Amino acid sequence: MLPRSSFLLRSLLLPPSSAMAFAISRAAATFSLERSPATFSISRRSFNLSPTRRTARFAVPSSSKSSLFGRRFHALCQEDGRRLSKPMRIVSGSNKEYRKMRRRPGKSKEKQLELSVSICIEEELPDDPEISSIAELLRLNVPMAMKLAFDRITDSNYKTRDTSIRDLGGFDSVELSVLLCNDEFIQKLNKEWRDEDHATDVLSMSEHIPELNLPVLMLGDIVISIETAARQAEERGHTLIDEIRILMVHGLLHLLGFDHEISENAEEEMEEEEEFVLKSLGWKGKGLIRSAYDAETNANRHMENSNGSLLKDKKKEGSLRFYKPKFKYIFCDMDGEIIPTVILFLINSSTISNAFVTLTLGTLLNSKSQVSLSNARALKEASSRGLKIVIATGKARPAAITVLQMVDLAGKDGIISEHSPGVFLQGLLVYGINGREIFKRNLDPNVCREAGHYSLEHKIPLVAFCQDRCLTLFNHPLVDTLHTVYHEPKAEIMPSVEHLVTAADIQKLIFFDTAEGIATNLRPYWSEATKDHASVVQAVPDMLEIVPFGTSKGSGVKLLLDHLGVSSKEIMAIGDGENDMEMLELASLGVALSNGSDKTKAVADVIGVSNDEDGVADAIYRYAF
């Protein structure tokens, strides 16, 4: 029996005649013990399903009275593959306000027993054609399994089965519900009712209370996580519907008094019954008990869970189809860099040694300035589930497209193209719906002119970003890396400062120097020189950017949100640099990667793993759904 107030379900109900078809809905309905015999329809958006409550009748003989059967909660195995302890029993109907009814006397001739089956889909599961198809198949499969199992318990003798349910001839009808849900839902249920804080594959919950003498056998509820079922199906080499049938049969047998957890004999008896039902109905699989012992992946799942709390809330790759997105958009930074840093070591009182280490900055890009396959798969999966990905970067749009093209994320079916929204050049260029330019801000030409003369005088390389072009004044290895490593447009060498200033509108400038040179010389000088004409920002320690005053990546994100008609409460943002701070503060959930700056991490809602640990993928699987 499911908790009445904790969760919201959507119920798919069938009429008595399977010939009747109507639209089924995702409208929420509370899942309660009182089930009306009348059928009704709910509409389910674009999907048209046959109704999902099935009523069947077949003949059953009368038999003797049954003893008390308390409500039970069962699961085959934990995530680490260990056998579960004895299930907790929750006794019984003293607080239930049912009017006791005298059971009708059994008749000598056979009577028709009505089966009433509800197939339910938990409200947080997204619309998915495969899930809808499985629900439709179950409306036919569940009564078949019930009929076969009822015939067996009537005609066979079992040594270990609880015989509380055996007098089927004394009932007019049998009610059973099957709920499909995801891991998050079943984990909450497992924790609440069994004090087991992990997801499992199937839970069975009996509603049968013999002492009430009701004419309706309220068999109970079978709760199946299709997320776990999908993993197990892949591991065991069969389809998702095959695995769900196996779990359904296992749950049904638990409700009929089989319990593999009480003894070896009981386990053998239930295992044989599982295999008999599956084989008799022509369904694939060995049964859940045998499959669990055959699975070699139980040890791997145990290792995953032993890694500590960091993995607790993280969803598995490939599992996002079982969840609704929590946000409409993810705004994601890109840039990555390897930064050589000198660390001094005191060897003794008179000797100091030093060593070079590397610090990595970046969000979507790792320290090799690449998008990892894990990040790419996570972005594709999130996008396929309806979550829109928007790149917000200091890069020019051609550079971002080039990088993401390498992992098949650019173009019509990717997350970026010339026809998609995006925030580029630290918010100085913003593209909206269909990739249309909705904002561009240029630097004051006098600031550009002064920067050009400073570059020539001090031999400090300078690059001017002009929408899809890059301009410079002389060759330099650091300027070359902007193209060869960071995939920015190859810098065109201008013959003079004046040529550079007048060749095109300039949105931003970047000076290249050592981290020490920027911190001690360039940043103090240009912070004073630009004053109210421009702003000085840094995404990485060895690059100093000069941008128009009053602009930022965060302001570009705000402008794009207004253009799209999206609230900041509907977005998640992922970044690492100080230039991402405003964007992270703006978002409903701001995720700073652990390799980011201390200032950025201080304003973030959560701190994720580093860019070299697939930080974007981790954030998506942990927080976005």
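Only this structure's heavy atoms are used, side chains among them; waters, hydrogens and symmetry mates stay out. The model shown is predicted, which means the values in this text are computed figures rather than measured ones.
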Exercise for the section: Can you measure from CG (Asp580) to OG1 (Thr363) and round to the nearest 0.5 angstrom? Expected result: 5.5 Å

Fill in the blank from the handout: Rounding to 0.5 Å, atoms CG (Asn366) and OG (Ser372) come to a distance of 6.5 Å

Handout entry: Student check: side-chain heavy atoms of Asp576 and Asp333 closer than 4.5 Å
Key = yes

Residue pair [X] / [Y], side-chain donor-acceptor N/O under 3.5 Å:
| X | Y | result |
| --- | --- | --- |
| Ser367 | Asp612 | yes |
| Glu381 | Ser384 | no |
| His238 | Glu243 | yes |

May I ask you to decide whether [X] forms a salt bridge with [Y], counting only side-chain N to carboxylate O separations under 4.0 Å?
| X | Y | result |
| --- | --- | --- |
| Arg377 | Glu317 | yes |
| Glu184 | Lys315 | yes |
| Arg469 | Glu492 | yes |

Practice task
Report yes if the distance between the aromatic ring centroids of Tyr454 and Phe511 is under 6.0 Å, otherwise no.
Solution key: yes

Problem - Intermediate values then yes/no, side-chain contact (heavy atoms from CB on, under 4.5 Å), Val603 and Lys599 - result: CA-CA 7 Å; Val603 303; Lys599 289 182 179 179; over 6 Å; no

Practice task
Kindly indicate whether a cation-pi arrangement holds for Lys316 with Tyr621, taking the cut-offs as under 6.0 Å to the six-membered ring centre and within 45° of the axis.
Solution key: no

